[in-house]
Amino acid sequence: MKLWSVLGNSQKLDGGAMFGNAPRALWERWVAVDAQNRIDLACRALLASPLNGKTVLFETGIGAFFPPQLRERYGVLETRHVLLESLVQAGFQHEDIDVVVLSHLHFDHAGGLLAPWVDGRAPELLFPNATFVIGKAHWQRALHPHPRDRASFIPELPALLQASGRLELVDGDYSQALGQAVRFHHSDGHTPGLMLAEIVGAQRDDGVAQGGVVFCADLIPGRPWVHVPITMGYDRCAETLIDEKRAFLQDMQARNVQLFFTHDAACAMAQVVCDDKGRFAAAHEQAELLGWELG
């Protein structure tokens with residue numbers, strides 16, 4: 001099996017919102033900030049093939065579905081659908097994807113499912129041959145969003161996914177589409193029913209899988225957020241997320257599972273390490289994956 005980090009459309013968002021209650025004097029040590037207080041963010045997907053005999057895409061980024069006014073509001077930099085171009089560079093078309101795994105349905109993770117915006121045209125679903133794998137609990141959130149995060153969802157998307165006839169809702173640690181090859185971890189701190197997909201490593205220690213790769217989604221958007229106390233202003237419950245993150249990182253470190261980051265502008269994957277004071281950090285960073293083999 002080989003892995004590719006697949007870049008989608010990029011964003012600039014307010015640094016204060018991305019770092020929650022951490023002061024700028026702290027977080028500006030970690031990232032560059034522009035005159036509008038914005039930081040650079042990637043919307044990076046993970047492509048795996050063959051995985052359980054299939055070509056699998058983990059998330060689709062923000063895409064290019066926004067009309068110009070909303071594209072500017074949310075800091076989307078490119079007008080074209082960058083993810084589709086990146087897939088071609090990796091040797092794939094969106095029609096080649098057998099499974100799309102979505103950690104959740106916020107627009108910066110699921111907007112790439114849609115064709116680019118065209119004035120007067122209704123939203124159109126891409127990936128015509130893919131099964132769409134989504135957590136059952138989060139699906140309910142998308143259908144009935146809270147006022148706090150209603151703006152984070154694409155209103156038309158659930159109906160399009162349902163109408164495709166290729167929707168699988170996951171209510172457990174494994175999906176029908178991917179079997180034992182992908183294990184799902186669950187989190188509620190950012191949004192109810194967030195799914196973190198672990199590509200299970202081939203190594204075993206007392207029957208426990210070692211050495212895989214996990215898509216961290218918005219539990220850990222990038223390297224600065226590996227530090228356990230750091231959360232986003234967009235998180236539903238910071239205290240819940242911190243507790244979930246600590247347990248998650250302990251597990252990933254113990255089993256040598258590498259972290260894949262969707263929003264880190266400069267790093268696609270890293271190992272998690274912990275110092276003698278119990279502070280987690282990222283190490284052995286990789287800026288991109290180009291047909292990287294998961295041993």
Side-chain angles (χ1 to χ4, degrees), residues 5-46 59-86 89 103-104 106-112 114 116-117 148-154 189-191 215-236 238 241-242 245 259-270 280-283 285-289:
S5 56
V6 184
L7 287 173
N9 292 64
S10 54
Q11 283 186 280
K12 285 182 176 289
L13 285 181
D14 183 83
M18 288 300 298
F19 288 102
N21 65 349
R24 175 170 170 167
L26 178 63
W27 57 257
E28 71 178 356
R29 303 175 192 171
W30 304 327
V31 294
V33 57
D34 69 11
Q36 296 174 265
N37 204 51
R38 301 181 305 174
I39 65 171
D40 292 327
L41 294 171
C43 287
R44 183 184 291 107
L46 174 62
E59 298 206 343
T60 62
I62 197 168
F65 76 97
F66 274 138
Q69 182 179 3
L70 290 179
R71 186 173 67 242
E72 182 177 355
R73 177 185 301 176
Y74 291 111
V76 183
L77 300 183
E78 306 90 357
T79 59
R80 67 194 193 280
H81 201 319
V82 176
L83 179 78
L84 301 183
E85 298 176 0
S86 297
Q89 291 173 5
S103 68
H104 62 306
H106 288 173
F107 60 68
D108 56 327
H109 296 258
L114 300 175
W117 175 82
R148 173 175 166 77
D149 65 353
R150 182 176 292 122
S152 296
F153 292 99
I154 305 168
H190 177 67
T191 186
F215 195 100
C216 294
D218 277 345
L219 180 69
I220 309 173
R223 291 164 296 173
W225 294 270
V226 173
H227 186 41
V228 170
I230 302 300
T231 62
M232 296 187 291
Y234 301 110
D235 294 328
R236 170 182 178 239
L241 188 138
I242 286 170
K245 192 198 309 188
L259 310 179
F260 187 90
F261 303 123
T262 184
H263 287 314
D264 195 306
C267 178
M269 191 172 72
F280 291 101
E285 302 164 1
Q286 296 191 54
E288 60 181 347
L289 306 180

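Quick caveat: nothing in here was measured; it's all calculated off a predicted structure.
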| message | Quick one, Gln286 with Cys267, criterion side-chain contact (heavy atoms from CB on, under 4.5 Å). Give me CA distance, side-chain angles, the key distance, then yes/no. | response | CA-CA 6 Å; Gln286 296 191 54; Cys267 178; 6.0 Å; no
| query | Among all residues two or more places apart in sequence or in another chain, which pass the side chain to side chain contact (heavy atoms under 4.5 Å, CB included) test with Arg71? | reply | Phe66, Pro68, Val76, Thr79
| query | Where do Cys43 and Gln11 come nearest, in terms of heavy atoms and distance? | reply | SG-OE1, 3.8 Å
| message | With no hydrogens and no angle check, just 3.5 Å: does a side-chain donor-acceptor pair link Arg80 and Asn9? | response | no
| task | Look up atom CG in Asp218 and atom CG in Asp235, then write down how far apart they are to the nearest 0.5 Å. | result | 7.5 Å
| task | State which residues pass side chain to side chain contact (heavy atoms under 4.5 Å, CB included) with Ala45; sequence neighbours excluded, sorted by chain then number. | result | Val6, Leu57, Leu83
| query | So which heavy atom on Arg148 is nearest to which on Gly233, and how close? | reply | NH2-O, 3.0 Å
| Could you state the interatomic distance from CG (Asp34) to CG (Asp40), rounded to the nearest 0.5 Å? | 7.5 Å
| How would you list, by chain and number, every residue that makes a ring-ring contact (aromatic ring centres under 6.0 Å, His included) with Tyr234, sequence neighbours excluded? | none
| request: Have a look at Trp225 and tell me which of Leu219, Asp264, Ile220 forms a side chain to side chain contact (heavy atoms under 4.5 Å, CB included) with it. | output: Ile220
| query | Would you find a donor on one side and an acceptor on the other, under 3.5 Å apart, between the side chain of Glu285 and the backbone of Met269? | reply | no
| said: Assess the residue pair Arg24 and Val33 against the criterion (side-chain contact (heavy atoms from CB on, under 4.5 Å)); give the C-alpha distance rounded to whole Å, side-chain angles, the decisive distance to 0.1 Å, and a yes or no. | reply: CA-CA 10 Å; Arg24 175 170 170 167; Val33 57; 3.2 Å; yes
| query | With sequence neighbours left out, what residues match Arg236 under side chain to side chain contact (heavy atoms under 4.5 Å, CB included)? | reply | Arg141, Asp188, Pro192
| request: Working to the nearest 0.5 Å, report the span between SG of Cys216 and NE2 of His263. | output: 11.5 Å
| message | Checking Pro23 now: which residues fulfil side chain to side chain contact (heavy atoms under 4.5 Å, CB included) with it, not counting sequence neighbours? | response | Leu26
| task | Apply ring-ring contact (aromatic ring centres under 6.0 Å, His included) to Trp30 and list each qualifying residue two or more places apart in sequence or on a separate chain. | result | Phe19
| task | Give a yes or no on whether the backbone of Leu7 and the side-chain of Ser86 come within a donor-acceptor separation of less than 3.5 Å. | result | yes
| note | In terms of heavy-atom contacts, Trp117 and Pro67 come closest through NE1-CB, 3.6 Å
| query | Ignoring hydrogens and geometry, is there a side-chain-to-backbone donor-acceptor pair from His81 to Gly112 under 3.5 Å? | reply | yes
| request: Would you please indicate if the ring centroids of Phe280 and His227 are separated by under 6.0 Å? | output: no
| note | Between Ala270 and Ala283 the two heavy atoms that sit nearest each other are CB-O, 3.5 Å
| field | Straight-line distance of Arg44 CZ to Phe215 CZ, nearest 0.5 Å | value | 9.0 Å
| query | Looking at NZ of Lys245 and OG1 of Thr231, how far apart are the two atoms once the value is rounded to the nearest 0.5 Å? | reply | 7.0 Å
| request: Walk me through it: do Trp27 and Ile39 pass the test side-chain contact (heavy atoms from CB on, under 4.5 Å)? | output: CA-CA 10 Å; Trp27 57 257; Ile39 65 171; 3.9 Å; yes
| message | Using the rule given for side-chain contact (heavy atoms from CB on, under 4.5 Å), can you reason through Phe260 versus Thr262, listing the C-alpha separation, both sets of side-chain angles and the distance that settles it, and then say yes or no? | response | CA-CA 7 Å; Phe260 187 90; Thr262 184; 5.5 Å; no
| Given side chains that start at C-beta, do those of Arg223 and Leu259 come closer than 4.5 Å, heavy atoms only? | no
| query | Which distance, rounded to the nearest 0.5 Å, do you find between the CG of Asn21 and the CE of Met232? | reply | 13.0 Å
